[in-house]
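Quick notes on the structure that follows.
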Amino acid sequence: MTSLLVLLAAILLAGFSFTYIKARGISERYPPLGTFSEADGIRMHAVHIPAGETADLPPLIFIHGASGNLRDQYEAFAARLQGRAEMLFIDRPGHGWSERDGQAYDTPGGQARAIAATMKNYGIERGIMIGHSYGGSVIASFALAHPEMTQGLLFLSPATHPWPGGVAWYNDLASVPVIGRFFAETLTLPAGLNMVKTGVACVFAPNPVPDGYIEKTGAEMVLRPTEFRANARDLTQLNAYLREVAPRYTEINAPTVVITGDSDDVVAPEIHSAGLKREIDGAELVTVRNLGHKPDYIANDLSIAAIEKLGGVDRDLQALAENVSQRIAENDVRCD
């Protein structure tokens, strides 16, 4: 028994040492891209891109999904929309380089509050909110709390409604106050490094992962202990939060577009996207055949067209969606 305890202690010590060194290396490899500001009591990190002289779109605010950071949306949209609009890419509280303070930001509502304060720090009083996946629940809560700041809403494969079931066991475990911290600081990073590639493939499936995506977006950042636990708390509390908030979506009156794929195995479009279409008056639902969970990359042209439409440009999103569906019809990537 003594030998077994010694062996277990040695494994955990090795895991802690590896996690500390590797997490520091990940942070050094992906330094902050933008600037920091105090917002709602915490330090928020964002990349702010001013509008060009011939800008034709209103300000755009991009909110990333779970297990991610602002680099995800930045890589998808920044270069393609450069000069056309003032853009703000935000690390949600506890993700990337933004801080998290206690439980105040464990829900989309708390995060929306910090995002509103961050926008004001950069002089943005109103704009089009773009949210992918978990970011969809954040911009929905933002629209409810700050309608005067919401010029339009673009939901990309959103997670916005309560669903049957729960989340992965490791998120439940990481959310436990003491044991969760111990778990995150010893085991999740060494185990998670071997799962990043497969996990990303499953998010994109049945579509291929773009070349260099993992490196460009800093996907490994979520394995850092503090961020892993913040992400876990996001996910474990989301369902209960949405049960309370989703019935209020009928109050949203901002112009809305929802883009989803019929092959999304991460969030169920028939629950989330269809729910937004049903509850937000005038919302346009755009469904792409054979599209997984990443319209921001696989249907980037359609996503930008939706931004343009919310900005007042006449765009036929349904016709564009059909073009994308034909373009990706043969995609058949498996992630298992």
Side-chain angles (χ1 to χ4, degrees), residues 22-36 44-50 60-98 130-136 138 154 156-157 188-189 192-224 226-228 230-231 234 259 261 264 266 288 291-304 306-307 324 327-328 331 333 335:
K22 187 67 176 178
R24 184 173 63 183
I26 291 172
S27 293
E28 291 173 351
R29 192 160 74 251
Y30 301 107
L33 293 179
T35 52
F36 295 90
M44 292 285 287
H45 174 241
V47 172
H48 178 242
I49 302 177
L60 309 175
I61 298 86
F62 294 87
I63 309 300
H64 64 84
S67 304
N69 60 81
L70 66 77
R71 289 172 180 259
D72 188 34
Q73 300 295 285
Y74 178 84
E75 290 293 332
F77 292 107
R80 292 169 178 83
L81 289 167
Q82 180 77 40
R84 297 191 61 187
E86 181 178 15
M87 291 182 279
L88 191 65
F89 299 85
I90 301 176
D91 273 334
R92 292 192 287 106
H95 296 263
W97 289 99
S98 288
I130 301 102
H132 172 250
S133 194
Y134 185 99
V138 176
L154 174 56
L156 301 173
S157 298
T188 58
L189 196 152
L193 286 172
N194 296 319
M195 300 170 63
V196 170
K197 186 174 181 180
T198 300
V200 169
C202 288
V203 169
F204 274 88
N207 315 117
V209 179
D211 291 340
Y213 173 85
I214 292 176
E215 183 67 24
K216 291 176 181 177
T217 61
E220 293 180 350
M221 292 180 76
V222 72
L223 297 175
R224 298 177 300 170
T226 300
E227 185 166 346
F228 189 89
N231 190 66
D234 285 349
I259 298 178
D264 187 344
V266 178
V288 180
L291 173 66
H293 192 56
K294 293 294 283 179
D296 41 352
Y297 282 82
I298 303 302
N300 183 263
D301 51 347
L302 174 62
S303 300
I304 290 176
I307 291 172
V324 177
R327 186 174 73 218
I328 65 175
N331 287 179
V333 175
C335 66

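As the structure is a prediction and not an experimental result, all values here were calculated from the model.
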Contact between [X] and [Y] at the side-chain level, heavy atoms closer than 4.5 Å - yes or no?
X	Y	value
Y213	E75	no
Y74	T217	no
R92	D234	yes
H132	K294	yes
T198	M195	no
L81	I49	no
L70	I90	no
S303	I259	yes

Of V47, L33, I63, I130, which meets side-chain contact (heavy atoms from CB on, under 4.5 Å) against F89?
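Of the listed residues V47, L33, I63, I130, the side-chain contact (heavy atoms from CB on, under 4.5 Å) partner of F89 is V47.
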Among L88, I307, D72, side-chain contact (heavy atoms from CB on, under 4.5 Å) partner for F62
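Between F62 and the candidates, side-chain contact (heavy atoms from CB on, under 4.5 Å) is satisfied uniquely by I307.
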Quick one: does any side-chain atom of [X] pair with a main-chain N or O of [Y] as donor and acceptor, under 3.5 Å?
X	Y	result
R327	I298	yes
R224	G96	yes
N69	H95	no
W97	Y30	yes

Taking all non-hydrogen atoms of both residues into account, name the closest pair between [X] and [Y] and its distance.
X	Y	result
G68	H64	O-CE1, 3.2 Å
N300	A76	ND2-O, 2.9 Å
P295	L156	CG-CB, 3.9 Å
G292	S157	O-OG, 4.0 Å

What is the distance from atom [atom1] of [X] to atom [atom2] of [Y], rounded to the nearest 0.5 Å?
X	Y	atom1	atom2	answer
L193	T188	CG	OG1	9.5 Å
M221	R71	CE	CZ	6.0 Å
Y297	Q73	OH	CD	7.0 Å

Checking H293 against S133: is there a side-chain donor and acceptor pair closer than 3.5 Å?
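There is such a pair (donor and acceptor under 3.5 Å, judged by atom type) between the side chains of S133 and H293.
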Does a donor on one side chain sit under 3.5 Å from an acceptor on the other, for N331 and N207?
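The criterion, which ignores hydrogens and geometry beyond distance, is satisfied for N207 and N331.
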For F36 and H45, take the angle between the two ring planes, folded into 0 to 90°, and tell me which bin it lands in: parallel under 30, tilted 30 to 60, perpendicular over 60.
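Tilted.
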